[in-house]
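Okay, structure first, notes after.
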Amino acid sequence: MLEVEQAKLALEQTDPEIFRLIKEEERYQFETVRLIPSENYASAAVMQATGSVLTNKYSEGYPGKRYYEGQRYIDQIETLVQERAKALFGVEHANVQPYSGSPANMAVYYALLEPGETIMGMSLPHGGHLTHGWNVNFSARFYRAVQYTVHPETHRIDYDQVRELARKERPKIIVSGATAYPREFDFKTLGEIAREVEAYFLADISHIAGLVVAGVHPHPVPHAGVVTTTIHKTLRGPRGAMILCRQEHADAIDRAVFPALQGGPHNHTTAAIGVALREAATEEFREYARQVVRNAKALAGELLERGFRLISGGTDNHLILIDLTNKGIFGKKGAQALDRAGIVCNYNPIPYDPRKPFSPSGIRIGTPAVTSRGMGEAEMRQIAAWMDQVIAAPEDAELAVRVRGEVRELCRAFPAPGITVTDG
Ligand SMILES: *Cc1c(COP(=O)(O)O)cnc(C)c1O
């Protein structure tokens with residue numbers, strides 16, 4: 001701890017401008033209800049590893065096969081983290097070096113596909129990620145991308161449509177995963193479809209990895225030959241990612257990450273991933289993940305009662321997608337009004353959105369961060385009530401100030417992991 005305090009002092013003296021802005025951000029994260037479903041609070045232990053001397057090291061290669069000397073501790077760290085990843089997810093091979101989720105997916109395509117071959121993923125406005133073949137992304141530029149959608153009425157993945165499209169397009173890889181899909185993935189069916197058309201199956205579980213390891217979402221293994229995940233979402237670790245796969249893909253995946261796409265691994269991140277994986281293997285974490293889902297269901301139930309229209313009618317996981325059309329407000333305005341009131345979320349397209357991506361109809365909320373603070377169903381009811389008031393009167397500045405004050409009170413009662421805000 002002394003080290004951390006001294007480090008803080010060093011930053012304050014060396015760069016007071018950056019120091020002040022970090023402090024402001026710290027307070028903002030502490031005093032607001034953060035509902036962005038891809039965000040969380042990493043523990044103090046995770047952040048201590050992130051801010052360690054490991055950032056000073058170069059170690060291109062893999063444990064035992066480095067291009068630099070002086071790796072006696074780095075090799076031990078990376079091996080330990082690989083072992084933890086394999087044990088936690090029950091896989092044969094783990095590459096823990098990808099810089100983030102997008103580079104991890106790029107590495108999988110690089111390993112398994114030739115340029116121009118076909119990627120089949122979920123369309124972005126229907127919940128998929130940019131890297132699953134969306135048109136402005138490398139995945140649609142270097143490969144041929146075909147996209148499946150959700151059903152127009154149920155807003156759920158229509159597995160018959162996925163099968164039909166796969167038979168017609170014969171993709172080399174089928175990708176599942178989403179940033180805005182409130183329902184469970186049927187990995188078994190997706191795996192069967194992939195086998196039938198002789199495609200690889202990549203399960204990108206970035207959003208739901210924490211729920212998967214806790215057993216509150218179905219597991220992609222053994223159905224998917226390759227799994228990617230970020231570490232900084234429901235897994236509550238540092239910004240980073242990993243690729244988990246069957247042994248048969250291990251060499252291709254490792255060569256794709258290094259030397260094909262990346263240089264030296266971010267060893268400070270690797271260590272912090274290890275800390276997060278250790279935390280995620282505890283019963284305490286499993287209870288956290290269960291509470292994330294209970295909270296999302298409570299929040300969804302309360303919003304439904306208040307006349308909010310939820311995409312797919314509710315949630316199975318940590319996130320909720322709200323169509324604000326019937327409330328007479330668009331997503332962006334709604335998200336801005338909520339932010340003024342201390343409730344942070346993001347505007348988001350909804351499936352078959354009649355509006356444009358930069359001003360879509362919906363907002364996206366989720367419970368990973370508030371649950372890390374120890375909030376439960378009672379607090380979710382309170383948050384829904386605030387959201388209802390603010391969305392009903394988005395221009396009401398007095399209301400925003402009042403709600404913001406109440407939000408701050410609530411947040412003080414539920415301190416955020418990794419953050420100590422000292423003065424009043
Ligand atoms: C967040 C996310 C990514 C990308 O992660 P970055 O770290 O932002 O590059 C990829 N896929 C899915 C499904 C995600 O949710």
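All heavy atoms count here, side chains included; hydrogens, waters and symmetry mates do not. All figures in this text were calculated on a predicted structure; none of them were measured in a lab. Both counts, for ligands and for their atoms, begin at 1 and track the order of listing.
When all heavy atoms are compared, the tightest approach of Thr367 to Val292 is OG1-O, 2.7 Å.
A cation-pi arrangement, defined by a distance under 6.0 Å to the six-membered ring centre and an angle within 45 degrees of its axis, is present between Arg236 and Tyr288. A cation-pi arrangement is present between Arg373 and Phe30 under the rule of less than 6.0 angstrom and at most 45 degrees off the ring axis. For the pair Lys327 and Phe308, the cation-pi criterion (under 6.0 Å, within 45° of the ring axis) is fulfilled.
Using bins of under 30°, 30° to 60° and over 60° for the plane-to-plane angle, the ring pair Tyr68/Tyr58 lands in the parallel bin.
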Ligand-protein N/O pairs under 3.5 Å (ligand 1):
unit_1: ligand 1; atom_1: 7 (O); unit_2: Ser100; atom_2: OG; d: 2.4
unit_1: ligand 1; atom_1: 7 (O); unit_2: Gly101; atom_2: N; d: 3.0
unit_1: ligand 1; atom_1: 9 (O); unit_2: Gly101; atom_2: N; d: 3.4
unit_1: ligand 1; atom_1: 9 (O); unit_2: Ser102; atom_2: N; d: 2.8
unit_1: ligand 1; atom_1: 9 (O); unit_2: Ser102; atom_2: OG; d: 2.8
unit_1: ligand 1; atom_1: 11 (N); unit_2: Asp204; atom_2: OD2; d: 2.5
unit_1: ligand 1; atom_1: 15 (O); unit_2: Lys233; atom_2: NZ; d: 2.7

Please tabulate, for side-chain N and O atoms in residues 86-93, each donor-acceptor pair with protein atoms closer than 3.5 Å (sequence neighbours left out).
unit_1: Lys86; atom_1: NZ; unit_2: Glu83; atom_2: OE2; d: 3.3
unit_1: Glu92; atom_1: OE1; unit_2: Gln247; atom_2: N; d: 2.6
unit_1: His93; atom_1: NE2; unit_2: Asp254; atom_2: OD1; d: 2.9
unit_1: His93; atom_1: NE2; unit_2: Asp254; atom_2: OD2; d: 3.1

